Amino acid sequence: MLTDSGSEMARIANELRAQSDDTEAVLRKTSKYAVDTLPGAEYATVTLVTGGKIESPVIVGDLGGQADELQRTLGEGPCVRAAVDSETVWIDDMRVETRWPRFAPAAADLGIASMACFCLYIDGNDFGALNVHSTTPGAFDRDARLVGELFAAHAATAFGAVREKEQLRAALTSRDLIGQAKGMLMERYQIDATAAFSLLARLSQDSNTKLVEIAARIIEAGPGS
């Protein structure tokens, strides 16, 4: 079963990389695939912890979104634990869960009976988790959790690849903007490339503004300003 599941998850990860051009798209597709392929999953969310801020950029099913909102409001729950501690966290029966004494009864009242949360990625101080929910107690047995871990690992690889593509695009865009601004300064003040870059750097430092933002302002202002 796990061998077949591993092949299927690898295929899905390849599709995620091929079909997704931005991180939100890959997370949205990851969540949908989770509901479609993981045994017991009825709802899915992605929890991101960025600079201490908890967000849920992707939600499949209202109950999943309400569970994430509960965790943000109460400041406790399994999703953040799975993200930050890089471990799989599951709840077999929300009604008798004791690790999160405020979250568990509130989630049970919503109709969520069991959950499984898988670490999705860790990058510096940023963390992520893929979470699946069910209205049935004990929905995620050992095999389901192992399949979920396989899926999360492959999804994390796809997510990382898409993030790298985004960062590369951003870097190329920044380089182009800075180069264009340098050219405008060279023409305006009859200076060479080194002097133009030094001027950009000084403007950036003096205004405490990113270099690429200074470059964008110069371009927007036009050659005659």
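Note that this is a predicted model, so its numbers are computed, not measured. In what follows, every heavy atom counts, from backbone to side chain, and hydrogens, waters and symmetry copies are set aside.
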CA sep, side-chain torsions, deciding dist, call: Met115, Cys117, side chain to side chain contact (heavy atoms under 4.5 Å, CB included): CA-CA 7 Å; Met115 287 180 63; Cys117 308; 3.8 Å; yes
Verdict with supporting geometry, Val132 and Phe118, side chain to side chain contact (heavy atoms under 4.5 Å, CB included): CA-CA 9 Å; Val132 289; Phe118 309 95; 4.0 Å; yes
Which is it for Glu97 and Arg95 under the salt bridge (charged side-chain N to carboxylate O under 4.0 Å, His left out) test, yes or no, and what are the steps along the way? CA-CA 6 Å; Glu97 175 58 51; Arg95 289 290 178 189; over 6 Å; no
Just do the side-chain hydrogen bond (donor to acceptor under 3.5 Å, both in side chains) check on Glu55 and Thr47 with the steps written out, would you? CA-CA 6 Å; Glu55 299 177 296; Thr47 300; over 6 Å; no
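Taking 4.5 Å as the limit, every side-chain heavy atom of Arg217 sits out of range of all side-chain heavy atoms of Leu203. Using a 4.5 Å heavy-atom cutoff, the side chains of Asn131 and His133 are in contact. Between Ser134 and Ser114 the shortest side-chain heavy-atom distance falls below 4.5 Å. At a threshold of 4.5 Å between non-hydrogen side-chain atoms, the residues Gln66 and Ile112 do not count as touching. Residues Met94 and Pro105 form no side-chain contact, since every pair of their non-hydrogen atoms from C-beta on lies 4.5 Å or further apart. For the pair Ser56/Arg72, a side-chain contact is recorded, criterion being any heavy-atom separation below 4.5 Å from C-beta on. The side-chain heavy atoms of Tyr43 and Thr45, taken from C-beta on, include no pair separated by under 4.5 Å. Contact annotation: the side chain of Trp100 never approaches that of Gln71 to less than 4.5 Å [non-hydrogen atoms, C-beta and beyond].
Within 6.0 Å of atom CD in Gln205, 12 or fewer heavy atoms from other residues, nucleotides or ligands are found, so the atom counts as exposed in its surroundings. At most 12 heavy atoms of other shown residues, nucleotides or ligands fall within 6.0 angstrom of atom CG in Asp62.
Of all non-hydrogen atoms in Ala41 and Ala34, the two that sit nearest each other are CB-O, 3.8 Å. Looking at every heavy atom in both residues, Phe103 comes nearest to Glu76 through N-OE2, 2.8 Å. Closest heavy-atom contact between Val35 and Ala44: CG2-CB, 3.5 Å. What you find for Leu120 and Ala152 is that their closest heavy atoms are CD1-O, 3.9 Å. A pairwise comparison of heavy atoms in Val147 and Pro39 identifies CG1-CD, 4.3 Å as the closest pair. In this structure, Ala215 and Ile178 approach most closely via the heavy-atom pair CB-CA, 3.9 Å.
The hydrophobic clustering, which links ILVMFWY residues whose side-chain heavy atoms are closer than 4.5 Å, places Phe140 and Val96 apart. The hydrophobic cluster containing Ile54 does not contain Leu70, counting ILVMFWY residues as joined when their side-chain heavy atoms lie under 4.5 angstrom apart, directly or transitively. No chain of hydrophobic side-chain contacts below 4.5 Å, direct or via other Ile, Leu, Val, Met, Phe, Trp or Tyr residues, connects Val89 to Leu48. Connection of Leu199 to Ile214 is established within a shared hydrophobic cluster, with ILVMFWY side chains joined at heavy-atom distances below 4.5 Å, either directly or through further cluster members.
Contact check on Arg145 versus Asp141 returns no salt bridge, with no Lys/Arg side-chain nitrogen under 4.0 Å from an Asp/Glu carboxylate oxygen.
A distance of 10.0 Å separates CD1 in Ile191 from NZ in Lys182, rounded to the nearest 0.5 Å. Annotation: the span from Glu213 atom CD to Glu220 atom CD amounts to 12.0 Å, rounded to 0.5 Å.
Here the options are Asp68, Leu130, Val60, Ile59, the test is side-chain contact (heavy atoms from CB on, under 4.5 Å), and the partner is Val46; only Leu130 passes.
Judged by distance alone, the side chain of Ser204 and the main-chain N or O of Leu200 form no donor-acceptor pair under 3.5 Å.
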